[in-house]
Every structure is written in structure tokens, then in C-alpha cells.
K.L.:
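Can you read through this structure? Questions will come right after.
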Amino acid sequence: MRVLHVAGEFFPYVKVGGLGDVMAALPRAQRGLGMDVRVLLPGYPALLEGIPGLGEVGLIPDLLGQGPARILGGSAAHGVPVYLLDHPLYHRPGGPYDEWGDSHLKFGAFSFAAAMLGRHGDARGWTPQILHLHDWQTGLAPAYLRQMGEGPRTVMTVHNLAFQGIYSAGVARDLWLGPDLFHPHGVEFYGDLSFLKAGLQLSDRLTTVSPTYAQEIQTPAFGERLEGLLHHRRQDLVGILNGVDTTIWNPARSPHLGMHYSVTRMSGKLICKNHLQRELGLEEGGTTPLLGVVSRLTHQKGLDLLLERVDDLVSQGAQLAVLGTGEPALEEGYRAAADRHPGRVAVVPAYSEPHSHKVIAGCDALVVPSRFEPCGLTQLYALAYGTLPVVRHTGGLADTVVDESLGVGATGFSFHPPHAEALGETLARALRIYRGQPKRWAAMMGAAMRQRHGWAESAERYLAVYQALVP
Ligand code: ADP
């Protein structure tokens, strides 16, 4: 099976969130099943500089009126063949989603290149049977394929339905989309042009990153105005959980930890906790419950709910370590909480891979109170690190964390209504068990660490999706 993934992130070169992790791990797991899987990415500087042995393997004479673009081929550090779309649109400094006023062109051109490579293949004669598109930045590819005629079958994966790529109808001409596509069965969405809607409407199969989210997005509460389309296409829609890349997220091996541990040799975890407390200026103490957050600080992630509970948590004797940046009000709120509670609350306002490992290893529990969560990766990393997740019961969090009340096999704590009181009650329950039933807590840590969330099973499930299209 020949598959071309198309995405805008790729760990460790370009990563904003979970998509980057998925694009690094899924293709590798699929190649492990013997599939011929490759990845097309925008030619961002970090990729042009980071991927060795790049050579030209294709040329697009005119990229949506922006002049010629080259397709470069190379191989990523983890052995996955990579194509880069080399054009000045992608050479700018900054993050992949920084707004320069022409994102519709940037990602329209990327979608166009995906369709061209999908249909015509590279200069060495390689063509995919499946074009696997990820998130709105790639959503126009099936529209271009329609215009081009025959092409590979298409699969679109939604990693977050809230990001849609909506632009005014006027940009359709700049993007070379004909009037035959600008209607509700094509790229049109309430009078505008929507990249994501186009992908969801025109791809052969749809997937999202957990079974629960696949159901939720068919309802108005989670559907972001696309629930009707998604419900209509429910026979073509499947939820497949993300996995953990255990070559990277492994407490027995992570180079970011000062001490290693595993489910059979847990003593190192306490040392990681001491290291973390010391590094962040928290009062040192092995029995003080330490809660952590590793997240974008956004409304989606429910971190305003946690902020409301911080004073209460501190009064119950807990500590809190927060790693992340995001909405200014939340950044400011957590900074103020750290000022109010020196030695008790610490904030690292940064994006830092090393700190993400240190926080997840060093804490006793990781708080993920998301309002919605397509899959969520940090709770999976926390499980692997024996750090019990405290999560809202939604999306992939509901599919991967077993609440303490369920007894044997429980791996964490969950709450239902997206309210600070419900979160507060659940945090209090976790603290009670941490203090009053240490053996129970240890048993839950063991159950969490023994849970397997590898990529192999998910890779098999994606293969089944492809095989339904290419028998
Ligand atoms: P999302 O993609 O919605 O941001 P996920 O839980 O799916 O949420 O993935 C988030 C990814 O980004 C995880 O790999 C997590 O470790 C990482 N991450 C989030 N915030 C930070 C941060 N401040 N520093 C380092 N890594 C972070």
C-alpha cells in the first residue's frame, strides 16, 4: 500500500501540538507493517535545514500564480521518506501558523501541491494510492483533485475541528477554484470558503483521533457547525486513537530526565519529583502532592477552570507546576497565582520539550480539564510515566483514562460538567486518595504504566480504512 501523508507539522522539526507527534510516529508505525508510506510537508526552514540529503524530485511550474515550486525528497532522522514543498511562501521565520495575511495562499498552495504530487507522482515514478490529509491546511487537496480528474483515493483526518481555515468567498479565484466547486457540496460554507469543510465534504473517508470525539462531533455541542455534514457522512467516519511513541516517551530512557524509572523500579520517580521541585523553586517534599499541567493555555484546554481552583488547592496543601504559553489572560492569571503562592505554585511560560518530560515525570498527577479534546496526548504520556491524569470526561480523555471509582484497572480521575466545582471535587478526591490510600494510588500508577497505547494497533486500523478504498 502506497500512502502519502500531507501535514503541516512533523516532530522534532516543526511542532505546535499533537499533530507534530502523530506525523512523526504514525508513518513509522505504518512502515513497520510493510507499507510504503511517505510524508509531504511545507518546506519550512527547520525542515530544509534538518532533513539530510535533499534533492529535487519534482517541479510545479506555477504554484497558484506564485511562480514555480520545487518538490524536494529526503529522509527524516527516523527513516521516513519526506517530500518538501520548496517555495518562498514557506521560507519565513516564526511558527508554522503565524499570520502573514496570506495563509489562504500558503495552505491553498500546499493543498494544490499535494494534489499534483498525488496525481502525477514524483520524478522517479512513485505515486500514492492513498492521499492521507491532516487538518484544514490540507483540506483543499480533494477539491483540486476533482478539478484535475483522476487521482488517488483520499482520507482526511481531523485532529481538531475547531480550526477550519475559513476565508471570504473572494479568495476562491486566487486559489484557482472554479465556480463549479463553490457550492454547499463543495468548498462553500455559509457563504465563505472553508478548507476543512472542503476536505470533509470531498474526501473518500474521514477519520478523527478518538472514538468518542467521532461521536461528539456529530452533535451541535462539539460539531462547530459541521455536525450535519459529519452526521450525514457517519458511515465514512471512524475514530482511531493516537498512540504513544515509546522511543521518545519512556521514563526508563528519556534523555531529559535526571533519573530513570520503570513500572518494576519506581524509586527514580521520586527523585524526578525532587529534581523538579528544586528546579522550579517549589518547597521540597516527597509526600507533598504535586500536580502538573503541560499544555497550550487556552479556553479549549479548560485551564481557566483550574485557575479558579488554585488557591483552594494550595490551601489543601498541594503544589502546582504549569508549563505552557497561550492566551494572555491565562498566562497572566497563572503568573499571579505563582506570585501569590511562592514555593507552592510554579509557572514555566515556555514551549520546552525537556521540561515537558520533567514535569510529566516529576508530578504525581497531570491535570487536563479540557472542554473538548479530540484525543489528547499529554494524558497518554502521563499514564506511561505513572503520573495519574485528572481529566474531563470528553473525547480521547474519556477513551483513555479509567476513573478511580471503577476500581480494579482504574488509571486516573475524571469529571463530567465543564465547571470549576466539578474539577475541584475531583481534585479533592484525588488528594484524599493520594494521602489516605497510598497503596491504592501505587496500584493505579502500576495499572497506568502497564496500559499499552502503542501505535501498532492504530496503524492496523488506518490500514483497514485504506483497504476499504484500495482493495
Ligand atoms: P494539542 O495538540 O491540542 O495542543 P495534545 O495533547 O494532542 O494537544 O498535544 C500536545 C503536545 O504538545 C504534546 O506533545 C505536549 O507534550 C506538547 N506540549 C504542549 N505544551 C507544551 C509546552 N509548553 N512545552 C512542550 N511541549 C508542550
Side-chain angles (χ1 to χ4, degrees), residues 7-26 95-97 134-137 157-163 208-210 212-213 217 222 224 239-251 254 256-257 276 279-280 292-303 306 321-327 330-331 334-335 346-363 366-385 387 389-392 394-401 412 453 455 458:
E9 296 182 37
F10 195 55
F11 178 84
Y13 308 92
V14 180
K15 170 176 161 181
V16 174
L19 176 63
D21 290 357
V22 174
M23 293 323 301
L26 173 61
Y97 309 130
H134 297 268
D135 275 354
W136 74 264
Q137 295 84 5
T157 295
V158 178
H159 297 262
N160 191 332
L161 198 69
F163 303 112
T208 188
V209 286
S210 69
T212 294
Y213 193 59
I217 58 178
F222 294 89
E224 308 277 354
I240 302 177
L241 273 178
N242 289 333
V244 174
D245 186 340
T246 49
T247 62
I248 293 166
W249 286 95
N250 184 341
S254 168
H256 304 302
L257 301 182
L276 182 68
E279 179 172 348
L280 298 188
V293 169
V294 174
S295 182
R296 297 183 286 120
L297 301 186
T298 65
H299 184 76
Q300 177 204 331
K301 299 291 182 181
L303 291 167
L306 179 62
V322 177
L323 169 65
T325 58
E327 291 164 10
L330 285 173
E331 287 189 7
Y334 280 103
R335 196 176 310 128
V347 179
V348 182
Y351 181 91
S352 160
E353 284 290 330
H355 277 98
S356 68
H357 286 254
K358 290 181 199 182
V359 170
I360 292 180
C363 287
L366 189 84
V367 191
V368 192
S370 306
R371 288 191 165 78
F372 68 93
E373 193 57 79
C375 176
L377 286 171
T378 54
Q379 87 282 8
L380 295 180
Y381 302 154
L383 291 167
Y385 278 40
T387 302
V390 179
V391 303
R392 168 127 196 276
T394 186
L397 300 171
D399 289 332
T400 56
V401 177
H453 287 287
W455 270 104
S458 302

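Numbers here simply count residues along the sequence, with the first being 1. First listed ligand is number 1; within each ligand, the first listed atom is number 1.
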K.L.:
Counting only heavy atoms, which portion of Pro374 has something under 4.0 Å from ligand 1: side chain, backbone, both, or neither?
P.N.:
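Under 4.0 Å from ligand 1, Pro374 contributes no heavy atoms.
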K.L.:
Taking 4.0 Å as the limit for heavy-atom contacts, which would you say applies to Lys301 with ligand 1: side chain only, backbone only, both, or neither?
P.N.:
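Side chain only.
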K.L.:
Using a 4.0 Å heavy-atom cut-off, say whether Ser356 meets ligand 1 through its side chain, its backbone, both or neither.
P.N.:
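Under 4.0 Å from ligand 1, Ser356 contributes side-chain atoms alone.
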K.L.:
Looking only at the aromatic ring of each residue, does the gap between the centers of Trp136 and Phe163 stay below 6.0 angstrom?
P.N.:
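That pair fails the under 6.0 Å test.
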K.L.:
For Leu161, is there any backbone N or O sitting under 3.5 Å from a side-chain donor or acceptor partner on Tyr213?
P.N.:
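Yes, the answer is positive, given that a donor and an acceptor are paired below the 3.5 Å cut-off.
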K.L.:
Considering only non-hydrogen protein atoms, determine which one is nearest to atom 15 (C) of ligand 1 and report residue, atom name and distance to 0.1 Å.
P.N.:
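Looking only at protein heavy atoms, the one closest to atom 15 (C) of ligand 1 is Thr378 CG2, 3.6 Å.
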K.L.:
Among all protein non-hydrogen atoms, which one is nearest to atom 5 (P) of ligand 1, and what is the separation to 0.1 Å?
P.N.:
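Sorting protein heavy atoms by distance from atom 5 (P) of ligand 1 puts Leu377 N, 3.7 Å first.
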K.L.:
For residues 366-381, which residue pairs pass the salt bridge (Lys or Arg N to Asp or Glu O under 4.0 Å) check, not counting sequence neighbours?
P.N.:
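Output for this query lists Lys301-Glu373, Asp304-Arg371.
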K.L.:
Looking only at protein heavy atoms, which one is nearest to atom 2 (O) of ligand 1, and what is the separation?
P.N.:
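Residue, atom and distance for the closest contact: Gly18 N, 2.7 Å.
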K.L.:
Mind checking whether His357 and Trp249 have parallel, tilted or perpendicular rings, split at 30° and 60°?
P.N.:
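Rings of His357 and Trp249: parallel, under 30°.
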K.L.:
Donor-acceptor pair, distance only, cut-off 3.5 Å: does the side chain of Glu327 make one with the backbone of His299?
P.N.:
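Yes, the answer is positive, given that a donor and an acceptor are paired below the 3.5 Å cut-off.
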K.L.:
Answer side chain, backbone, both or neither: which part of Lys15 comes under 4.0 Å from ligand 1, heavy atoms only.
P.N.:
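Side chain only; the backbone of Lys15 stays clear of ligand 1.
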